[in-house]
Amino acid sequence: MKPTFYVTTPIYYVNDVPHIGHAYTTVAADVLARYKRLMGYDVYFLTGSDEHGQKVEKAAITAGETPLELADRVVKRYQALWERLGISHSDFIRTTQERHKKGVSEIFSNILAKGDIYLGEYEDWYCTPCETFWTETQLIEGRCPDCNRPVEKLKEESYFFRMSKYQEQLLAHIEAHPDFIQPKSKRNEIVSFIKEGLRDLSVSRTTFTWGIPVPGNDRHIIYVWFDALTNYISALGYPDETGNYSRYWPVDVHLIGKDILRFHAVYWPTFLMAAGLPLPEKVFAHGWWTVEGQKMSKSLQNVVEPNMLIDKYGVDVVRYFLLREVPFGLDGDFSHTALIQRMNSDLANDIGNLLSRSTAMAVKYFEGILPEPSEMIDIDLALKTKTGEMIAIVDKFIDELAFSKALQAIWDVISAGNKYIDDSAPWTLAKDPANRGRLATVMHTLLESQRITHCVLSAFLPTTAGKALASLGYAEEISKEKLVWGGLKAGTVITKVEALFPRYEGKE
RNA sequence: GGCGGUGUAGCUCAGUUGGCUAGAGCAAGCGACUCAUAUUCGCUAGGUCCGGGGUUCGAAUCCCUGCACCGCCA
């Protein structure tokens, strides 16, 4: 039986417009999923949308439709973008689906029955026009931070989750599992947050209706995070603990943005503990993108729209840039200049041109029919070895979610390929018929190295890798077993195709 | 205010437990080749490793202190 691998993105808020941050998490998850599939894993890759809450309810009223109509309409923005980005998710969960509501109701009832959810009173400052509760510390000079109007102290009946009870258990878990929260700096933040003391968490609201009602008490709607986080198991069929749930849970990694780390590293694990379910293996919080050095915001109108980037540069350029430019886990800056730099240097000049010059020579010297190689000498063997070693290096970096390092390792082989051509100088060999055998070996070595490279790269740049492998006359389905040397057979038809990546000469 | 982090070549950053003349990529300059998307390959960086003090035979790497920036919490 294949080993399993379960990876998730957050479910994105349906009312938001997809931006580069959403694309980032999802592309990273996709690369991970594709890579693990390639390596023989039985992969479940989940993404989806969070469709409940007051904002959706309000937006729907404004638009003159029901909340579900609104959600149905706008969820397509995400689904269409994932389609364009080549996202290979196994499932797309919407929190308005019956399977999800069932899962949430069940886990809520379960914890309620165990006594870790109880009915109490929630007292805080309430802004009536905004219909929002604020804590004392959120207020700005005693007024609503959103609209600056006066607030009043209000008591609301609310269900509470006994999160405080799980403080020590959670700390012990984090202690025992050093990789549970990553990167490390974020883990430390969470640890100090927990040590300051966990309070019980209000997990229901009575101020709006668009959501999942508390079982047995319709006046209460289950709080957003309790609802949303449960998607990770409701999508697997929970409360049915057979089938996909037993197959994939606990999740191997939740990929998230750093803004929602607390919910994933504190709330979610304690919910699971209370429900008696296993905890995630890993929660990885990646960084934020600034744009041209500035924080992304609607008011600055600098939100980077992924569709625009794809139109302008192409899918794989965007995928490559996002994962190569910045170490996963750190913040990074998006700029057109930097993207074009990467595109020209790494993609057009290095990898694109390497394939171009290689296939051109195969066509020119051997009419595009891959010749039988003769004995390999040192420089051939060096490239072969380097190509083989790259696989283990990439594997290690992928496990660490160090996507940029994995790509660097792949590019080391690309560079070695370019250098190999200069060192072996096929154009010189071609001048003397006596070197025919040697030339054949050089061409074979060169193309085989790229065949393996593009097989690995298919996890990152599926479209490009497909084009490159087609150019190499390689049509087999890629798998771990195919990553060993010798996949290209003599007689294979090599064709020079259009450039994998254009050079971008414009200013922006 | 509490806790934590960062500050290394023009830019982005690597630099395990302190130890050869402090490294990589990109940018820039020079040279070489010509198969290729004027692409590739080679060579070239003399950077107070934020400032100051200390420990040590020896510190970018440890300790103290100052400055700057950032994150989490309050």
Side-chain angles (χ1 to χ4, degrees), chain A residues 135-139 181 183-199 257-263 265-266 285-288 290 292-293 295 314 317 321 324-335 337-366 368 379 383 397 402 404-405 407-412 414-431 435 439 442-443 445-447 450 464 467-468 471 494-505:
Chain A
T135 62
E136 184 86 34
T137 53
Q138 284 174 311
L139 300 180
I181 301 167
K184 211 172 169 181
S185 57
K186 295 288 182 291
R187 183 187 110 116
N188 293 340
E189 286 179 6
I190 290 295
V191 167
S192 52
F193 173 77
I194 299 169
K195 282 185 175 166
E196 283 168 24
L198 294 183
R199 282 175 293 186
K258 62 180 184 179
D259 53 322
I260 54 176
L261 179 61
R262 190 197 300 174
F263 308 113
V266 180
H286 68 240
W288 258 165
T290 54
E292 309 285 352
K295 197 171 172 182
V317 173
F321 180 80
R324 174 59 238 262
E325 183 71 3
V326 177
F328 206 59
L330 297 185
D331 288 351
D333 183 55
F334 174 88
S335 77
T337 316
L339 185 149
I340 290 166
Q341 173 60 44
R342 286 281 172 207
M343 180 171 168
N344 285 348
S345 173
D346 299 2
L347 297 176
N349 294 352
D350 289 348
I351 196 171
N353 186 53
L354 175 61
L355 184 74
S356 175
R357 62 197 301 216
S358 307
T359 52
M361 285 189 284
V363 169
K364 189 167 181 173
Y365 303 142
F366 292 97
I379 60 167
L383 184 60
F397 285 141
S404 60
K405 285 185 180 173
L407 285 168
Q408 280 180 60
I410 294 170
W411 253 254
D412 283 346
I414 302 292
S415 297
N418 273 318
K419 184 168 164 53
Y420 174 79
I421 295 180
D422 280 36
D423 289 345
S424 54
W427 49 90
T428 305
L429 296 172
K431 285 174 187 162
N435 291 326
L439 181 60
V442 168
M443 291 314 302
T445 303
L446 182 59
L447 294 170
Q450 285 174 78
T464 303
K467 281 189 208 167
S471 167
I494 309 294
T495 45
K496 181 164 162 46
V497 294
E498 63 172 319
L500 293 181
F501 299 98
R503 277 183 69 80
Y504 200 94
E505 307 289 0

Grab the [atom1]-[atom2] distance between [X] and [N] for me, whole Å please.
X        : N      : atom1 : atom2 : answer
A:Leu446 : B:rC41 : CG    : P     : 13 Å
A:Asp331 : B:rG5  : CG    : P     : 17 Å
A:Leu429 : B:rC33 : CG    : C1'   : 14 Å
A:Lys258 : B:rC73 : NZ    : P     : 12 Å
A:Leu339 : B:rA27 : CG    : P     : 15 Å
A:Asn188 : B:rG5  : CG    : C1'   : 9 Å
A:Phe334 : B:rU12 : CZ    : C1'   : 16 Å
A:Glu325 : B:rC13 : CD    : P     : 9 Å

What integer number of Å spans the [atom1] atoms of [N] and [M]?
N      : M      : atom1 : result
B:rG2  : B:rU16 : P     : 31 Å
B:rG71 : B:rC64 : C1'   : 25 Å
B:rC20 : B:rU39 : P     : 39 Å
B:rU65 : B:rA22 : C1'   : 26 Å
B:rA24 : B:rC70 : P     : 32 Å
B:rG66 : B:rG7  : C1'   : 14 Å
B:rC26 : B:rG19 : C1'   : 31 Å
B:rC62 : B:rU21 : C1'   : 24 Å

**OP:** Show the numbers, then the answer: is there a side-chain contact (heavy atoms from CB on, under 4.5 Å) between A:Thr428 and A:Asn435?
**Re:** CA-CA 9 Å; A:Thr428 305; A:Asn435 291 326; over 6 Å; no

Under 3.5 Å on both distances, the Watson-Crick or G-U partner of [N]:
N      : value
B:rU61 : none
B:rU40 : B:rA32
B:rG4  : B:rC70
B:rA24 : B:rU12
B:rG18 : none

I'd like to check [X] versus [Y] (side-chain heavy atoms, cut-off strictly below 4.5 Å). Are they in contact?
X        : Y        : answer
A:Leu355 : A:Ile351 : no
A:Pro327 : A:Lys405 : no
A:Val317 : A:Leu339 : yes
A:Ile181 : A:Leu261 : yes
A:Met361 : A:Ile421 : yes

Subject >> Position toward the 5' end of RNA chain B (nearest nucleotide), A:Lys186 or A:Lys419 >> reply: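 Nearest-nucleotide comparison on RNA chain B picks A:Lys419.
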
Original post:
Between A:Arg342 and A:Ile190, which is nearer to the 5' end of RNA chain B once each is assigned its nearest nucleotide?
Top reply: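 It is A:Arg342, whose closest nucleotide lies nearer the 5' terminus.
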
Original post:
Do the side-chain N and O atoms of A:Ser471 and A:Lys496 include a donor-acceptor pair separated by under 3.5 angstrom?
Top reply: no

N/O-N/O pairs, protein side and nucleotides 14-17 of chain B side, under 3.5 Å:
none

Subject >> Residue-phosphate contact under 4.0 Å: A:Gln408 side-chain N/O, B:rG25 OP1/OP2 >> reply: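 The answer is no; no side-chain N or O of A:Gln408 sits under 4.0 Å from OP1 or OP2.
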
Between the protein and nucleotides 37-39 of chain B, which nitrogen or oxygen pairs are less than 3.5 angstrom apart?
unit_1 : atom_1 : unit_2   : atom_2 : d
B:rU37 : OP1    : A:Lys496 : NZ     : 3.3
B:rU37 : N3     : A:Phe501 : O      : 2.6
B:rU37 : O4     : A:Leu500 : N      : 3.2
B:rU37 : O4     : A:Phe501 : N      : 3.4
B:rU37 : O4     : A:Phe501 : O      : 3.3
B:rU39 : OP1    : A:Arg503 : NE     : 2.7
B:rU39 : OP1    : A:Arg503 : NH2    : 3.3
B:rU39 : OP2    : A:Arg503 : NH2    : 3.4
B:rU39 : O5'    : A:Arg503 : NH1    : 3.3
B:rU39 : O2'    : A:Asn353 : OD1    : 3.3
B:rU39 : O2'    : A:Asn353 : ND2    : 2.1

**OP:** Indicate the atoms forming the closest heavy-atom contact of A:Lys258 with A:Gly287, along with that distance.
**Re:** CD-CA, 4.4 Å

**OP:** Not counting sequence neighbours, which residues clear ring-ring contact (aromatic ring centres under 6.0 Å, His included) with A:Phe334? List them please.
**Re:**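 With sequence neighbours excluded, A:Phe334 shows a ring-ring contact (aromatic ring centres under 6.0 Å, His included) to A:Phe321, A:His336, given in chain and number order.
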
Original post:
Has the side chain of A:Ser358 got a donor or acceptor atom that lies under 3.5 Å from a matching backbone atom of A:Leu354?
Top reply: yes

Original post:
A:Gln341 has a side chain; which of B:rA27, B:rC41, B:rA36 sits nearest to it?
Top reply: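 The listed nucleotide nearest to A:Gln341's side chain is B:rA27.
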
**OP:** Might you work through the side-chain contact (heavy atoms from CB on, under 4.5 Å) test for A:Asn349 and A:Phe501, ending with a clear yes or no?
**Re:** CA-CA 9 Å; A:Asn349 294 352; A:Phe501 299 98; over 6 Å; no

